[in-house]
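Step one of this worksheet: look at the structure below.
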Amino acid sequence: MVVSTLHQIVDDFPPVDHAFGYGSGVFHQPDLYDQSPAPTGNAPAISSDSPQLDFIFGVQDPQQWHTENLARHRSHYSLMGMLGPSAVTAVAERLGVGIYFNTLVPWGNHRIKYGVISLAALERDLQQWDTLYCAGRLHKPVMALREHPAVLAAQARNLLSALRVALLLLPDQFTTEEMLHTISALSYSGDLRMGVAEDAKKVQRIVQGSNAGLRDLYRVPLSTAEADWQVVQRQGASAADSWVQDRSVNAQAGLVSALPQTLLRCMARSAGLPHSNEQLQRLEGPWEVAAALLKPGQPQPLRWHVRHAVSQVVRASSHRQLVAGFLSAGVTKSVRYAFSKLKKAWR
C-alpha cells in the first residue's frame, strides 16, 4: 500500500490527533489475498476479494469529531447516524470498548474501515490494558499517519508490557521468532471470532508478513530486558536470535509486579486475593499479587494465571465490541463484513 494514499484518506476527514493504519490491507500477509496490481483509470473498481484498509483515529473529543464527520460523510454511518453524535459516542463508550467503527466505506478504488476513539481511552488501554483492543493492535507494526506525544509514550509502555507477558509465557530458552509469535497472539487469545470468523493462520501470517517490522519494534524492549531488567541474555556469543531467561522467583516477581493493572486485577481475582484498583495501587499491592502467585503449592502455575488473565480481557472486549459493531455497522454491512471475515478464515 502506498503511504501517500493512506495520508490522503486521513486528510479527507476532520482533523485527528493520532492516526495509524493497520491490518492485512496495509501490511502484506502471505497467501491471503491476490497480489495483482491495483486497477488503473478513473473509474472505481473495488474487488470483493481485495483487503479493506483499516484505520484508528485518536481524537480529543469523539462527540465533536462525529458532529463534523456526520456533516461531511453522513453516508459512512448506519441508521445510528440519524440519532446524532451523542448516540454514536454512547454506543462506543457504553456498549463497546470506547471505539466507534464505520466499515466497508468506499473510498476511490478502496474500501476502508475507521475507528474513532478518545485520546484518553487510547492512552488508558495502552497503559492498563483495559480492553486490549487498541493495545493489542499496537503490539504489531502499524503505519503511523499522525502522532501524539502522550500516545507515543503510552505505546512505549505497551510494548514493554507485551514483552513481560511473553517472557512469563515462554520457556527458559526461546528464539526471537517464538517471542514474536507469542506477542502477536496475545490480542487473539479469548477472541470470540477466532477459529470461526477469523483466519486460523492469522498470527502466522502476521509474523511472516511483518517479521522485519516486528523485530525492529521489539529491539529496544529486548535491550531493556537484557541490560536494565537483567532477566534475559543472548544464548552464546554469536546466537543473536536465541535467548535464555532468568526464571528465579525474584525475576518472575519483578515481571509480574510491573504488568498492566487490568491483568494484575484478573490474576489477583483468580488467586483469591483482594483486587480492587485502590488495593493494587498501593506500593506493595502488585508485589503481593506476585508473591501469592509464585508461592509453592499454588493449584495453577503462574503461566496459567497469565494466559487466563489475557484471555479474560480479550474475551470481554470482543463480546462488547461484537454488540457495538452490529449497531454501528447496521444489518446489511454486518452481514457483508462477517462474510468477508469468513472467506478469510476459510482460505
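Keep in mind that this is a model prediction, so the values were computed, not measured. Residues: numbered from 1 along the sequence shown.
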Can you tell whether the side chains of D11 and R146 come within less than 4.0 Å, N to carboxylate O? yes

So which pairs with a foot in residues 249-258 pass side-chain hydrogen bond (donor to acceptor under 3.5 Å, both in side chains), sequence neighbours left out?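 Qualifying pairs: none.
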
Show me the pairs that pass side-chain hydrogen bond (donor to acceptor under 3.5 Å, both in side chains) and involve residues 216-233, at least two apart or across chains. none

If you look at every heavy atom in [X] and [Y], which pair is closest and at what distance?
X	Y	value
A19	V10	CB-CG1, 4.4 Å
A162	W129	N-CZ2, 3.7 Å
W107	I112	CB-CG2, 4.1 Å
E68	P14	OE1-CB, 3.6 Å
E177	V207	OE2-CG1, 3.6 Å
L95	A324	C-CB, 4.3 Å

Check the angle between the aromatic planes of H18 and F20 and answer parallel, tilted or perpendicular using the 30° and 60° thresholds.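 Perpendicular: the ring planes of H18 and F20 meet at over 60°.
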
Hey, can you tell me if W65 and F13 have their rings parallel, tilted or perpendicular (30° and 60° cut-offs)?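 Plane angle under 30°, so parallel.
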
Can you check whether [X] reaches [Y] side chain to side chain, under 4.5 Å on heavy atoms?
X	Y	value
V232	D246	no
H305	L168	no
Q245	L170	yes
P85	Q64	no
V310	R307	no
H181	V203	yes

Worked check of side-chain contact (heavy atoms from CB on, under 4.5 Å) between R94 and T89: CA-CA 8 Å; R94 297 179 189 176; T89 306; over 6 Å; no

If you measure from [atom1] on [X] to [atom2] on [Y], what distance do you get to the nearest 0.5 Å?
X	Y	atom1	atom2	answer
R137	C134	CZ	SG	7.0 Å
S328	L79	OG	CG	12.0 Å
L327	M80	CG	CE	6.0 Å
R265	T262	CZ	OG1	4.5 Å
K113	D54	NZ	CG	4.5 Å
H76	R72	NE2	CZ	11.0 Å

Below 6.0 angstrom between ring centroids: does that apply to Y22 and F27? no

Go through D125 and T131 one step at a time and tell me if the side chain to side chain donor-acceptor pair (under 3.5 Å) criterion holds. CA-CA 6 Å; D125 193 36; T131 68; 3.3 Å; yes

Any donor-acceptor pair under 3.5 Å linking the side-chain atoms of [Y] with those of [X]?
X	Y	value
W243	T176	yes
Y77	N69	yes
H139	N158	yes
K202	S184	no
T175	D241	no

Side-chain donor or acceptor of R320 paired with backbone N/O of A316 under 3.5 Å: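 No.
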
